[in-house]
Amino acid sequence: MTATKKPQAQYLKDYQAPPYFIEHVDLTFDLAPLNTRVTSVITLKKAVAGEADLALDGIELTLISVAVDDVAYSDYTLLDEQLVIHNLPTECQVTIVNDISPKTNTSLEGLYLSGGAYCTQCEAQGFRKITYYLDRPDVLASFDVTIIADQSYRHLLSNGNKLTQGQLDDGRHFAKWQDPFKKPSYLFALVAGDFDVLEDTFVTKSGRNIELALFVDKGNLAKTPHAMTSLKKSMQWDEQRFNLEYDLDIYMIVAVDFFNMGAMENKGLNIFNSKCVLANQETATDKDYHTIESIVGHEYFHNWTGNRVTCRDWFQLSLKEGLTVFRDQEFSSDLGSRALNRIDAVKVMRTHQFSEDAGPMAHPIRPEQVIEMNNFYTVTVYDKGAEVIRMMHTLLGEEKFQLGMALYFQRHDGQAVTCDDFVAAMSDASGIDLTQFKRWYSQAGTPRLIVEQEYNTEEGIFTLSIEQLAPVNQPDNAPLHIPFAIELLDRQGQPVPLSFAGKPIDHVLDVTNTYQRFSFDGLATKPVAVLLEDFSAPCIVEQHTTEADLLHIMRFARSDFSRWDAQQQLLINAVKAAIENPREHSLAKEVINALRSLVIERKGDLALIAELLKLPSFDTLAAEFAVIPVDEIVAITQQFELQIAKQLQCEFIACYQSLVDDGSVSADAVAVRALKGICLHYLAKIDEPEHAQLLCDAANSHNMTNVLAALSAVVKADSPLSVELLNQFDSQWRHDVLVMDKWFALQAMQGGDNAIVNINKLYEHPCFDFSNPNRVRALVGSFSHFNTAQFHRKDGAGYQLLGDLLVKLNAINPQNASRMLTPFMSWRRYDEVRSMAMKAQLQRLAELDNLSDDLFEKVDKALQ
Ligand code: B3K
Ligand code: ZN
């Protein structure tokens, strides 16, 4: 790394409590696009004995004045990113006036303009782009906020309850808000705009009436009912399952088009990416409906796990995120299919999280060193964090887990705490020792478990020996406490009771040592073992399971998840065998027959059957190899899919035609559409007039799930139909950018040498906008993640396209740039030609004069 700039890391070990408390803050915003005036009056109390400067964070602010107790004050030092005020009295009020420019703020952090509306994003450290403040999560203050704006901004919103509103002499208007709950600055929010509003109410279980309001761009009201229903379901679920009730009198959600992530849990005033709110059957897929429900739930659940109890410092982020992801996963599983939700979560773990954990950005769920906090909103902190909570839930059971939650709130409501505090509550409430378990918080990497099975015919004893190996990239890791769930099946597929010497054994084995043996007796024949049932711990299990055992598990395991898992393993083995032995380029008869039975019999949940008919993704397969054989994986999966399509085409047609989609959003209708979609996926691969007709009918339907199933089927099959259907979609939906994102994604997935030229051309499309993260992700994100063959072209043109984009985004929106960089992070896992071409792009970024901290941190780690 030759770049002269070397941003400094912050360390968990250096944590110090703040030298001042801020008891209250009174903010006034006089809104104007290029010069919004912010007046902040902070009521302070010194928290330490003796002299202490007050070092307030502030970035890109124009300081106008400082006063202490209403008297102008000049004893301060203004640094690049801090205002250091000296010699303050022990208690005082500091008034700071500064200007900011929302219109030119393209980072989408701090106060910015999204379309015509002002909005904010303060987590993690965006508040310092609004005013000088102790911008850290352990400073909890009550906030009063006054917003002044032109009348055209009809809605002036902030956290808490509205105190007053009125007209000003100059023709402008104002509103005053008060949040009675003390909060850190990252939960502050302000919105000013002219919206359509969907209003509703919710009565809590203690009988309080809560006003609900959903603010969207004009004309979008018809797309709001699903999000509102999701909110009410979330409120009810949190009361039932966690005994948690909403606290303010009003809950507001605002949808904006320019947003860096999905949504933000600001107290009482959530701000959402419009794609995570707006939906109707014509414009959104069933998957979008599910995502909206889960994100609305996630943000709502933060009101307790995040807002009422928050993080002491940002290293503790998983305290709120891991726990809230666990809660939203449970919400989705209680309301919908537990198995499908588990499959989705495990896919994320095994592909994205395992690869992050094995790569240059590997970090424990509680990181110890951070340069740019925004880089740590990762699959590790969120999803592995949720798995760590789930393991505690498995070890404690629901009842004790809920006692732990209750104790956590009893001890820490209104505080900023650490992950240790959470585990202590769980352990104290349950009486279960979690000392060793806590290593999950401080050790990075994915543990590997080598499992061996022995069966002693004479004694009828079956033994599992489990060896726990440290991750290759974390050789010094100490053994973890791993809840390892199993099921044993007999030859007939019946579950075998687990016991030894007359003592029952729980199906969750406590793996705590580097090597352990677990024996079970009373077994007349060698059982088939289902291991790591339901993915009971985020580990890699290494063991050889025969094809016959996998087929047995697929038929008989009690866990739907484990049945899916066995099927995936069977398919993964087939792809690996084909790569090792190029003559074995077809799927075995048994596998095709198993798939055929699924399509014909259609027993159980149709959505699960749809899932079982999918081949493992490129990422899933790539995870199996030290050096990813890109061309082979692409070629073999294409070949297998064609084989399935050819051998089962009659069954797919019959299945497609016999399924009746009633067009509703019921779970049954969603499952029907999922299975019909898979049929289309395979049928598109064979150029037959009958198939083309089915595809065109679906593409012309009024249900976006069906339309998209048809379009993605033709695009992935490189079917001659795709040009016409894509053009038709473009002219039909050009007025709706969120729908056009689906079109951009389809364009990005097109095969053939023209793909890159096409994307460069699409940058000129009237709907495309580099400053909108949704557009960029739809087009280039889909390309780099899903168009494997073209992104990983050997001539490096795919990498060049992403590199060019990153150079541009680095200046516009570093947070988005850093997210888009992810595919380059695993450059070492590719063959020489590809890895050198990716590395060249990283080096190109490293040499940028204006390299952002966000990109610096990742590029620097990647190149080390
Ligand atoms: N807490 C926010 C994420 C903030 C990301 C900052 N770069 C959304 C969520 O996890 O609920
Ligand atoms: Zn969250």
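Keep in mind that what you see is a predicted model, and the values were worked out from it rather than measured. Hydrogens, waters and symmetry mates are skipped; everything else that's a heavy atom, side chains included, is used.
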Asks: As a quick check of understanding, evaluate side-chain contact (heavy atoms from CB on, under 4.5 Å) for F824 and V859, giving each step before the final call.
Replies: CA-CA 9 Å; F824 284 159; V859 169; over 6 Å; no
Asks: Hey, what do you get for CG (D804) to CD (Q841), rounding to the nearest 0.5 Å?
Replies: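 It is 7.0 Å, given to the nearest 0.5 Å.
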Asks: Are the side chain of S835 and the backbone of D831 linked by a donor-acceptor contact shorter than 3.5 Å?
Replies: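 Yes; at least one donor-acceptor contact below 3.5 Å.
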Asks: Is there a side-chain contact between L683 and F652 (heavy atoms, below 4.5 Å)?
Replies: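 Side-chain contact under 4.5 Å: yes.
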Asks: Do I678 and V599 come within less than 4.5 Å of each other through their side chains, counting heavy atoms only?
Replies: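 When only atoms from C-beta onward are counted, V599 and I678 do not touch, as no gap falls below 4.5 Å.
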Asks: For D687, I'd like to know if atom CG has over 12 heavy atoms of other residues, nucleotides or ligands within 6.0 Å.
Replies: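 For D687, atom CG is not crowded (no more than 12 foreign heavy atoms under 6.0 Å).
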Asks: How far apart are the closest heavy atoms of P773 and F259, and which atoms are they?
Replies: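 The answer is CG-O, 3.5 Å.
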Asks: Roughly how far, to the nearest 0.5 Å, is the CE atom of M373 from the CG atom of D854?
Replies: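 Between D854 CG and M373 CE, I get 12.0 Å after rounding to 0.5 Å.
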Asks: Can a donor-acceptor pair be found, under 3.5 Å and without considering hydrogens, that links the side chain of R834 to the backbone of V630?
Replies: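 No, the answer is negative, given that no donor and acceptor are paired below the 3.5 Å cut-off.
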Asks: Restricting to non-hydrogen atoms, name the atom on M391 and the atom on S536 that form the minimum distance, rounded to 0.1 Å.
Replies: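 Reported closest heavy-atom pair: CG-O, 3.4 Å.
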Asks: To the nearest 0.5 Å, what is the distance between OG (S562) and CD (Q569)?
Replies: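 Answer for the OG-CD pair, S562 versus Q569, is 12.0 Å.
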Asks: CD of Q543: more than 12 outside heavy atoms within 6.0 angstrom?
Replies: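 It does: Q543 CD has more than 12 such atoms within range.
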Asks: Is there a donor-acceptor contact under 3.5 Å from the side chain of Q790 to the main chain of G752?
Replies: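 Side chain of Q790 to backbone of G752: a pair is present.
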Asks: Can R338 and D560 be counted as an ion pair, charged N to O under 4.0 angstrom?
Replies: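 Between D560 and R338 there is no salt bridge, as every charged N stays at least 4.0 Å from the carboxylate O atoms.
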Asks: List the steps, then state whether side-chain contact (heavy atoms from CB on, under 4.5 Å) holds for R350 with T620.
Replies: CA-CA 7 Å; R350 286 194 178 144; T620 305; over 6 Å; no
Asks: Please find the pair of heavy atoms, one from G796 and one from A837, that lie closest to each other, and give the distance.
Replies: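 Nearest pair, atom of G796 first, then A837: CA-CB, 4.4 Å.
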Asks: So H765 and Q747, side chain to side chain donor-acceptor pair (under 3.5 Å) or not? Walk me through it.
Replies: CA-CA 12 Å; H765 190 283; Q747 289 282 352; over 6 Å; no
Asks: Are any of the side-chain heavy atoms of E321 and H298 separated by less than 4.5 Å?
Replies: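 The answer is yes; the side chains approach within 4.5 Å.
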Asks: Please determine, by modelled atom types, if S465 and E467 share a side-chain donor-acceptor pair under 3.5 angstrom.
Replies: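 No donor-acceptor contact under 3.5 Å links the two side chains.
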Asks: Applying side chain to side chain donor-acceptor pair (under 3.5 Å), which residue pairs with at least one partner in residues 586-596 are found, sequence neighbours left out?
Replies: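 Checked against side chain to side chain donor-acceptor pair (under 3.5 Å) - neighbours excluded - the pairs reaching residues 586-596 are N593-R596, R596-E651.
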Asks: Ring centroids only, cut at 6.0 angstrom: are W564 and F561 within range, meaning strictly under it?
Replies: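 Centroid distance W564-F561: below 6.0 Å, so yes.
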Asks: Does D286 use its side chain to pair, donor to acceptor, with the backbone of T705 at less than 3.5 Å?
Replies: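 Looks like no, no N/O pair under 3.5 Å.
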Asks: If a pair satisfies salt bridge (Lys or Arg N to Asp or Glu O under 4.0 Å) and one of its residues is in residues 806-822, list it, with sequence neighbours excluded.
Replies: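 Output for this query is empty, none listed.
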Asks: Roughly how far, to the nearest 0.5 Å, is OG1 of T378 from CD1 of I365?
Replies: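 Output value for this atom pair is 10.0 Å.
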Asks: Stepwise, does the side chain to side chain donor-acceptor pair (under 3.5 Å) test hold for S559 with E533?
Replies: CA-CA 7 Å; S559 151; E533 191 185 33; 5.0 Å; no
Asks: For N573 and E547, test the side chains for any donor-to-acceptor distance below 3.5 angstrom and give the result as yes or no.
Replies: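 No, no side-chain donor-acceptor pair sits under 3.5 Å.
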Asks: Using side-chain heavy atoms (C-beta onward) and a distance below 4.5 Å, is T637 in contact with F618?
Replies: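 A side-chain contact under 4.5 Å is absent here.
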Asks: CD/Q453 to CG/D549 distance, rounded to the nearest 0.5 angstrom?
Replies: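 It is 7.0 Å, given to the nearest 0.5 Å.
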Asks: When you look at D619 and K347, which way does the salt bridge (Lys or Arg N to Asp or Glu O under 4.0 Å) test go after all the steps?
Replies: CA-CA 9 Å; D619 288 338; K347 280 186 188 168; over 6 Å; no
Asks: Using side-chain heavy atoms (C-beta onward) and a distance below 4.5 Å, is N341 in contact with H290?
Replies: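 N341 reaches H290 side chain to side chain.
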Asks: Less than 4.5 Å apart, side chain to side chain, heavy atoms only: is that true for I636 and H585?
Replies: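 Yes - at least one pair of side-chain heavy atoms lies under 4.5 Å apart.
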Asks: Run the salt bridge (Lys or Arg N to Asp or Glu O under 4.0 Å) check on E832 and K794 step by step: do they pass?
Replies: CA-CA 10 Å; E832 177 77 8; K794 278 225 153 158; over 6 Å; no
Asks: Between the main-chain N or O of K287 and the side-chain N or O of T291, is there a donor-acceptor pair closer than 3.5 Å?
Replies: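 Pair found, side chain donor or acceptor close to backbone of K287.
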Asks: Determine whether a donor-acceptor pair (N or O, by modelled atom type, separation under 3.5 Å) exists between the side chain of S337 and the backbone of L340.
Replies: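 A pair under 3.5 Å: yes.
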Asks: So F768 and Y763, would you call those rings parallel, tilted or perpendicular, with 30° and 60° as cut-offs?
Replies: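 Plane angle between 30° and 60°, so tilted.
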Asks: Keeping the roles fixed (side chain from R342, backbone from D534), state whether a donor-acceptor pair exists under 3.5 Å.
Replies: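 Yes; at least one donor-acceptor contact below 3.5 Å.
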Asks: Apply side-chain contact (heavy atoms from CB on, under 4.5 Å) to the pair L805 and V776, showing each step before the final yes or no.
Replies: CA-CA 9 Å; L805 176 86; V776 172; 3.8 Å; yes
Asks: Among W743, F744, F770, exactly one meets side chain to side chain contact (heavy atoms under 4.5 Å, CB included) together with L779. Which residue is that?
Replies: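 With L779 as partner, W743, F744, F770 yield a single side chain to side chain contact (heavy atoms under 4.5 Å, CB included), made by F744.
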Asks: Does the side chain of M838 reach to within under 4.5 Å of the side chain of S826, using non-hydrogen atoms?
Replies: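 No, too far: nothing below the 4.5 Å cut-off.
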Asks: Can you list every salt bridge (Lys or Arg N to Asp or Glu O under 4.0 Å) pair that touches residues 364-386, not counting sequence neighbours?
Replies: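 Matches after skipping sequence neighbours: D357-K384, R366-D420.
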Asks: I need the R777 CZ to R775 CZ distance, nearest 0.5 Å.
Replies: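 If we round to the nearest 0.5 Å, R777:CZ and R775:CZ are 10.5 Å apart.
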Asks: Would you confirm whether S318, through its side chain, and V381, through its main-chain N or O, come within 3.5 Å as a donor-acceptor pair?
Replies: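 It does hold such a pair.
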Asks: Would you say Q567's side chain and L612's backbone share a donor-acceptor pair under 3.5 angstrom?
Replies: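 Pair found, side chain donor or acceptor close to backbone of L612.
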Asks: Tell me, with the steps shown, if L726 and L711 meet side-chain contact (heavy atoms from CB on, under 4.5 Å).
Replies: CA-CA 7 Å; L726 283 173; L711 278 160; 4.1 Å; yes
Asks: Which class fits the ring pair H352 and H785: parallel under 30°, tilted 30 to 60°, perpendicular over 60°?
Replies: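 Perpendicular.
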Asks: How close do A717 and A684 get, counting heavy atoms only, and between which atoms?
Replies: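 Shortest heavy-atom separation between A717 and A684 comes out as CB-O, 3.5 Å.
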Asks: Would you say the side chain of N787 lies within less than 4.5 Å of the side chain of S782, judging by non-hydrogen atoms?
Replies: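 No - every pair of side-chain heavy atoms lies 4.5 Å or more apart.
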Asks: Heavy atoms only: give me the nearest L532-C539 pair and the separation to one decimal.
Replies: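 Result for this residue pair: CD2-O, 4.0 Å.
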Asks: Identify the heavy atoms of L587 and A574 that sit nearest to each other, and give their distance.
Replies: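 Answer, listing the atom of L587 first, then A574: CD2-CB, 3.7 Å.
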Asks: If we ignore hydrogens and angles and just use 3.5 Å, is the side chain of Q443 paired with the main-chain N or O of A478 as donor and acceptor?
Replies: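 At least one qualifying donor-acceptor pair exists.
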Asks: Report, as yes or no, whether the 6.0 Å neighbourhood of atom CZ on R555 holds more than 12 heavy atoms from other residues, nucleotides or ligands.
Replies: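 Open: at most 12 neighbouring heavy atoms sit under 6.0 Å from CZ of R555.
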